[in-house]
Amino acid sequence: METPAGTMTETAAGTLSRTAPATTAETAEDGLARAFDAAVAADERIEPRDWMPEAYRATLVRQMAQHAHSEIIGMQPEANWITRAPSLRRKAILIAKVQDEAGHGLYLYSAAETLGTGRDELLDKLHTGRQKYSSIFNYPTLTWADVGAIGWLVDGAAITNQVPLCRCSYGPYARAMVRICKEESFHQRQGYELLLALSGGTPAQHAMAQDAVDRWWWPSLMMFGPPDDASAHSAQSMAWKIKRHSNDELRQRFVDICVPQAEALGLTLPDPDLRWNEERGRHDFGAIDWTEFQQVLKGNGPCNEQRITQRRRAHEEGAWVREAAAAYAAKREEVTAS
Ligand SMILES: [Fe+2]
Ligand SMILES: [Fe+2]
């Protein structure tokens with residue numbers, strides 16, 4: 001593969017790395033940095049063995065880790081309803097969805113491993129509060145309708161955020177996102193279908209669906225992160241093409257998608273300021289309560305403590321599986337070597 005600024009060469013390790021024609025004044029690192037910038041500018045993918053700035057690597061590890069943590073912590077609020085799903089069909093769908101989320105976590109931890117950060121290290125950071133997961137999962141699932149609202153709104157917001165990540169400049173992350181997004185579309189669809197059934201059911205079922213949407217609407221808007229002018233990492237991530245659109249742009253896109261869907265569901269979005277703006281060709285919507293967001297982020301949400309305690313317990317209880325897998329792998333290696 002050619003890079004616009006230079007060529008690919010064989011290194012001592014036998015792998016390909018980017019190089020760029022160097023002028024006499026510049027260091028080898030300057031040349032590599034120039035090749036990296038050129039590859040990003042040309043919309044090429046950066047691969048694990050390519051040279052990359054340390055800050056790019058650190059940003060990716062932080063983002064992928066937070067994303068992976070969100071996938072596995074996100075299993076908890078919905079798993080809460082598996083034993084109480086109202087039919088065999090609903091139970092089968094919900095189990096499949098929760099398993100998908102575990103799979104998403106695995107793809108993403110694997111993608112982070114390509115940057116030299118092991119899964120153990122990332123999980124340890126999650127368990128000790130040094131890395132975060134999406135604050136949306138610190139809200140409780142109070143009724144069966146919450147499973148529908150999560151699918152429609154939370155998975156829906158996740159898709160809006162994640163489809164552009166399929167074009168992220170880092171190859172392993174972009175490729176993981178392709179499959180994740182396909183599965184997220186199914187999740188969004190099942191949530192919508194569940195709410196449609198409830199909304200068209202008895203008055204009590206309709207009220208349950210409306211109540212769930214009332215509680216999940218604002219937290220799902222917060223999933224896009226702080227407004228652009230208050231977002232610490234946005235500008236650099238966009239320059240590196242890790243991120244393709246700003247938080248506010250994605251949030252607006254999500255609102256515009258949801259309004260006609262809510263109408264089709266026969267449900268109301270809980271925002272008196274929500275209206276079509278003819279001039280902008282988009283919907284205006286009310287102010288988000290960022291104080292609530294900051295509080296949940298700080299650990300003061302309704303379920304922060306419960307989620308992390310449960311995660312630590314699951315990790316401890318799974319120790320024997322990890323040990324067995326490692327022993328099995330060592331044994332196979334022995335057999336192959338002999
Ligand atoms: Fe997921
Ligand atoms: Fe999902």
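In listed order, ligands and their atoms are each counted from 1. Quantities reported herein were computed from a predicted structural model and do not represent experimental measurements.
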Shell check on the Fe ion (ligand 2): protein N, O or S atoms less than 2.8 Å away are Glu101 OE2, Asp155 OD1, Glu184 OE1, His187 ND1
Do you see a donor-acceptor pair shorter than 3.5 Å between the side chains of [X] and [Y]?
X      : Y      : answer
Trp216 : Asp146 : yes
His187 : Glu183 : no
Gln76  : Asn80  : no
Gln310 : Arg313 : yes
Asn247 : Asp228 : no

I want to know whether His127 and His69 have ring centres closer than 6.0 Å.
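No; His69 has its ring centre 6.0 Å or more from that of His127.
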